[in-house]
Amino acid sequence: LPFNESQRIIVYWYSLCELMTAQGVQQFNISVAAFIILSFVLIEKEKEFWASCLILLGTLIKIYPIVGLAFFFFSKHKLRLVFSCVFWGCLFLVLPIFFSPGTDYISSQYIAWLERLEIKNGLNMFAISQNISLLGIVRKLTGCSLYSDLWLIIPGLILFFIPYFRIQQYKYLRFRLMLLANVLLYVVLFSTGSEASGYITLMIGVAIWYICSPSVHKRYNRYLFFTTLIFVALCSTELVPPGIRHHIIGPYALKAWPCTIVCFTICYEMIFLDFKVLYDMKDFKVLFVLFSFSRSCQQSQTNKRELI
């Protein structure tokens with residue numbers, strides 16, 4: 001991503017806890033974040049052929065990277081992107097045939113996959129370790145299984161697509177990065193399959209939002225930034241007593257609450273604010289010092305252990 005050193009350190013340290021969580025349970029969510037971010041970077045570098053490769057490959061592995069198509073309007077070579085998606089889609093669909101009994105087997109596997117996704121969606125409704133999302137917040141608070149999640153997803157998509165009408169803002173890199181941040185949040189908050197290990201994707205998005213936000217309300221952003229870090233990073237750790245994790249945090253999807261506020265904040269800023277405003281680097285310098293101090297403390301503790 002086109003960040004300077006201090007901004008990259010903020011992203012690294014902010015998402016570290018969730019990175020360790022995802023690695024600890026050996027989940028694919030780290031790769032999901034990588035697919036989405038790399039597709040954005042490749043489109044920015046006008047390498048639509050390889051961007052479409054990552055989008056289609058990621059989609060066929062785990063459906064979430066399909067959101068990489070959200071960057072279509074930022075591409076300078078839209079036809080190339082479309083034809084590349086068709087090429088890679090056909091290739092990835094045909095290639096498994098050479099390593100399987102035939103086309104009937106492949107088609108039956110994709111049909112079974114879609115059917116399984118529908119079944120899993122029903123099982124995730126009230127699961128404590130799943131549906132940690134905006135959909136899960138509403139579902140678990142109401143305790144109702146009768147309504148469709150589309151009542152939340154469709155308004156969410158409308159809110160997501162409104163910033164696309166601000167074509168004059170496309171030329172600002174920060175606006176495009178804010179859309180990347182929003183995509184990283186949406187893919188978690190509007191999925192019934194969201195789990196604790198998937199928050200590595202979301203936390204990277206929150207860090208990108210904080211860095212790129214043009215808002216003059218820096219205090220609000222700072223409070224929300226650190227509140228999200230505390231809620232999300234600590235919810236899955238042993239620092240929180242098991243009783244609270246199992247009877248309060250899980251059943252009410254508390255991990256998703258501050259992230260939902262960040263998501264709505266991003267939508268507001270993308271719809272109403274001007275991204276031509278220059279950065280205020282003071283916040284980044286303060287955060288850089290804090291995270292650098294944390295890194296030095298961690299390094300000193302490691303050195304002490306080695307000496308012992």
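FYI, the numbering just counts along the sequence from 1.
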Q) Between Ser215 and His217, what is the shortest heavy-atom contact and its length? A) OG-N, 3.0 Å

Q. What's the shortest heavy-atom distance between Leu185 and Val206, and which atoms?
A. CD1-N, 3.7 Å

Q: Compare all side-chain heavy atoms of Cys85 with those of Leu56 and state whether any distance is below 4.5 angstrom.
A: yes

Q. Is Gln7 reaching over with its side chain to a backbone N or O of Asn4, donor-acceptor style, under 3.5 angstrom?
A. yes

Q. Can Leu184 and Met203 be said to form a side chain to side chain contact (heavy atoms under 4.5 Å, CB included), step by step?
A. CA-CA 8 Å; Leu184 292 172; Met203 291 300 278; over 6 Å; no

Q | Separation of Leu180 CG from Ile37 CD1 (nearest 0.5 Å) | A | 6.0 Å

Q: Group every Ile, Leu, Val, Met, Phe, Trp and Tyr by side-chain heavy-atom contacts under 4.5 Å, then state whether Val86 and Ile66 land in the same group.
A: no

Q) Quick one: do Ile200 and Tyr12 end up in the same hydrophobic cluster if we chain Ile, Leu, Val, Met, Phe, Trp and Tyr together by side-chain heavy atoms under 4.5 Å apart? A) no

**Q.** Spatial distance of atom CD1 (Ile211) from atom CG (Asn221) [nearest 0.5 Å]
**A.** 12.0 Å

Q) Is it true that the side chains of Tyr64 and Thr201 contain a donor and an acceptor less than 3.5 Å apart? A) no

Q: Assess the side chains of Ser84 and Glu48: does a donor N or O sit below 3.5 Å from an acceptor N or O?
A: no

Q) Roughly how far, to the nearest 0.5 Å, is the CG atom of Leu134 from the OG1 atom of Thr260? A) 4.5 Å

(Q) Could you tell me if the side chain of Phe3 sits less than 4.5 Å from the side chain of Ile10, heavy atoms only? (A) no

**Q.** Heavy-atom donor-acceptor pair, Trp88 side chain to Leu54 backbone, under 3.5 Å
**A.** no

(Q) Side chains of Arg166 and Gln168, heavy atoms from C-beta outward: is any pair under 4.5 Å? (A) yes

Q: With the side chain counted from C-beta on, respond yes when Leu16 and Trp13 share a heavy-atom pair under 4.5 Å apart, and no when they do not.
A: yes

Q: Step through it carefully: locate the ring centre of Phe74, locate the ring centre of Phe40, and say whether they are under 6.0 Å apart.
A: no

Q) Crowded around Phe92 CZ? As in, over 12 foreign heavy atoms under 6.0 Å? A) yes

Q | Aromatic ring proximity Trp209/Phe225, centre distance under 6.0 Å | A | no

Q) Can you find a pair of side-chain heavy atoms, one from Thr228 and one from Tyr14, that are under 4.5 Å apart? A) yes

Q: Search all heavy atoms of Val232 against all heavy atoms of Glu18 and return the closest pair with its distance.
A: O-OE2, 3.1 Å

(Q) Under 6.0 Å between ring centres: does that hold for Phe275 and Phe175? (A) yes

Q | Backbone N/O of Ala127 and side chain of Lys140: donor-acceptor pair under 3.5 Å | A | yes

Q: Take Thr265 and Tyr220, measure what side chain to side chain contact (heavy atoms under 4.5 Å, CB included) needs, and give me the verdict at the end.
A: CA-CA 10 Å; Thr265 301; Tyr220 166 81; 2.9 Å; yes

Q: Quickly, which of Leu93, Ile97, Val94 forms a side chain to side chain contact (heavy atoms under 4.5 Å, CB included) with Ile106? Name it, please.
A: Ile97

**Q.** Trp257 (side chain) donor-acceptor with Ile137 (main chain) under 3.5 angstrom
**A.** no

Q: Determine whether Leu1 and Arg8 make a side-chain contact, defined as any pair of heavy atoms from C-beta on separated by less than 4.5 Å.
A: no

**Q.** Row check, Tyr147 ring normal vs Arg139 NZ/CZ: under 6.0 Å, within 45°
**A.** yes

Q: Answer yes if Leu157 and Ile63 sit in the same cluster of Ile, Leu, Val, Met, Phe, Trp and Tyr residues linked by side chain heavy atoms under 4.5 Å apart, and no otherwise.
A: yes

Q) Nearest heavy-atom pair of Ala253 and Ile132: which atoms, and what distance? A) CB-CA, 4.3 Å

Q: Please confirm whether the backbone N or O of Tyr210 pairs with a side-chain atom of Ser213, one donor and one acceptor, at under 3.5 Å?
A: no

**Q.** Cluster check Leu81, Leu79: I/L/V/M/F/W/Y, side chain < 4.5 angstrom
**A.** no

**Q.** Atom pair CG/CG of Leu95 and Leu60 - distance to nearest 0.5 Å
**A.** 11.0 Å

**Q.** From NZ (Lys47) to CG (Leu38), nearest 0.5 Å
**A.** 11.0 Å

Q) Judged by atom type as modelled, is there a donor-acceptor pair below 3.5 Å linking the side chain of Ser194 to the main-chain atoms of Val188? A) yes

Q | Crowding at CH2, Trp113 (>12 non-hydrogen neighbours, <6.0 Å) | A | yes

**Q.** Side chain Ser133, main chain Ser191, donor-acceptor under 3.5 Å
**A.** yes

Q | Neighbour count above 12 (heavy atom, 6.0 Å) for Phe83 CZ | A | no

Q) Looking at side-chain heavy atoms only, is the closest gap between Leu189 and Cys259 below 4.5 Å? A) yes

Q. What do you reckon, is OH of Tyr105 surrounded by more than 12 foreign heavy atoms closer than 6.0 Å?
A. no

Q.
Looking at Tyr268, I want to see if its OH is surrounded by more than 12 non-hydrogen atoms of other residues, nucleotides or ligands under 6.0 Å.
A. no

Q.
Restricting to non-hydrogen atoms, name the atom on Phe71 and the atom on Ile36 that form the minimum distance, rounded to 0.1 Å.
A. CE1-O, 3.7 Å

Q: Among Phe264, Phe165, Phe190, Tyr186, find the one that has a ring pair (Phe, Tyr, Trp, His ring centres under 6.0 Å) with Phe160.
A: Tyr186

Q. Taking atom CD1 of Ile249 and atom CD1 of Ile244, what is their separation to the nearest 0.5 Å?
A. 6.5 Å

Q: Flag yes if Phe231 and Leu202 sit in one hydrophobic cluster, no otherwise; membership is Ile, Leu, Val, Met, Phe, Trp, Tyr, and two members link when side-chain heavy atoms are under 4.5 Å apart.
A: no

Q | Aromatic ring pairing Tyr164/Tyr170, orientation class (parallel under 30°, perpendicular over 60°, tilted between) | A | perpendicular

(Q) I need the minimum non-hydrogen distance between Ala233 and Cys17, along with the two atoms involved. (A) O-SG, 3.4 Å

**Q.** Any Phe49 side-chain heavy atom under 4.5 Å of Leu42 side chain
**A.** no

